Amino acid sequence: MIKVQVQMFAGAKQIAGCDVVEIEVRQPIQAHAVFDALGRTVPALHSLIPSCRLAVDNRYVVDQAIIDDDSVIALIPPVSGG
């Protein structure tokens with residue numbers, strides 16, 4: 001297991017109550033494992049996660065993407081405008 005940090009934004013940040021959440025995942029790190037670990041670490045995020053995307057080093061990734069352990073990972077919730 002390896003510890004990585006995930007940046008939180010907007011609604012995810014409000015729900016988590018912090019800017020960064022540290023999670024534990026197995027290597028190689030897959031995007032879907034980050035979502036799973038976030039749901040375990042911050043259960044309140046569980047209902048929001050299915051509508052979120054994961055950005056790695058400023059690019060959106062698919063669930064099967066492999067993530068380097070030194071990458072910058074961000075949970076991007078849905079955006080609404082007005």
Side-chain angles (χ1 to χ4, degrees):
M1 299 291 269
I2 184 170
K3 291 183 179 180
V4 296
Q5 295 185 338
V6 181
Q7 297 176 347
M8 300 284 117
F9 292 94
K13 180 178 174 180
Q14 291 177 337
I15 291 170
C18 55
D19 295 335
V20 176
V21 173
E22 187 171 272
I23 58 170
E24 285 190 334
V25 290
R26 294 185 188 279
Q27 287 186 305
I29 304 166
Q30 289 190 307
H32 70 83
V34 171
F35 285 127
D36 293 344
L38 280 170
R40 287 191 307 271
T41 304
V42 185
L45 285 173
H46 197 271
S47 62
L48 182 66
I49 286 174
S51 60
C52 291
R53 297 195 64 191
L54 207 62
V56 177
D57 296 330
N58 299 318
R59 294 182 181 203
Y60 289 119
V61 297
V62 296
D63 284 356
Q64 298 78 19
I66 302 296
I67 302 169
D68 292 332
D69 58 3
D70 62 346
S71 293
V72 175
I73 305 169
L75 182 68
I76 310 295
V79 178
S80 61

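These values consider heavy atoms only, across backbone and side chains, with no hydrogens, waters or symmetry-generated copies. Small disclaimer: the values here were computed from a predicted structure and weren't measured. Residues: numbered from 1 along the sequence shown.
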Between CD1 of Ile23 and CD1 of Ile73, what distance do you get to the nearest 0.5 Å?
6.0 Å

Looking at His32, I'd like to know if its NE2 atom is crowded, meaning that more than 12 non-hydrogen atoms belonging to other residues, nucleotides or ligands lie closer than 6.0 Å.
yes

Can you tell if the side chain of Asp69 reaches within under 4.5 Å of the side chain of Ile29, non-hydrogen atoms only?
yes

With rounding to the nearest 0.5 angstrom, report the CD1 to CD distance, Ile66 to Gln27.
10.5 Å

Closest non-hydrogen atom pair, Val56 against Ser71
CG1-CB, 3.6 Å

Taking all heavy atoms of Val25 and all of Ala37, pick out the closest pair and write down the distance.
CG1-CB, 3.8 Å

Could you pull out the closest heavy-atom pair between Pro77 and Leu48, with the gap in Å?
CB-CD2, 4.2 Å

Under 4.5 Å between any side-chain heavy atoms of Asp63 and Gln30, yes or no?
no

Which heavy atom of Gly39 sits nearest to which heavy atom of Ile49, and what is that distance?
N-CD1, 3.6 Å

Heavy-atom check, side chain of Gln7 versus side chain of Leu75, under 4.5 Å
no

Are any non-hydrogen side-chain atoms of Ile67 and Leu54 less than 4.5 angstrom apart?
yes

Within a radius of less than 6.0 Å around CG of Asp70, do more than 12 heavy atoms belonging to other residues, nucleotides or ligands occur?
yes

Quick one: CD1 on Ile76 to CE on Met8, what's the gap to the nearest 0.5 Å?
9.0 Å

I need the minimum non-hydrogen distance between Tyr60 and Arg53, along with the two atoms involved.
CB-NH2, 3.2 Å

Indicate if Val61 and Val21 have the same hydrophobic cluster label, given that clusters are the connected sets of ILVMFWY residues with side-chain heavy-atom separations under 4.5 angstrom.
yes

Supply the atom-to-atom distance Arg26 CZ to Asp36 CG, rounded to the nearest 0.5 angstrom.
12.0 Å

Roughly how far, to the nearest 0.5 Å, is the SG atom of Cys52 from the CG atom of Leu38?
9.0 Å

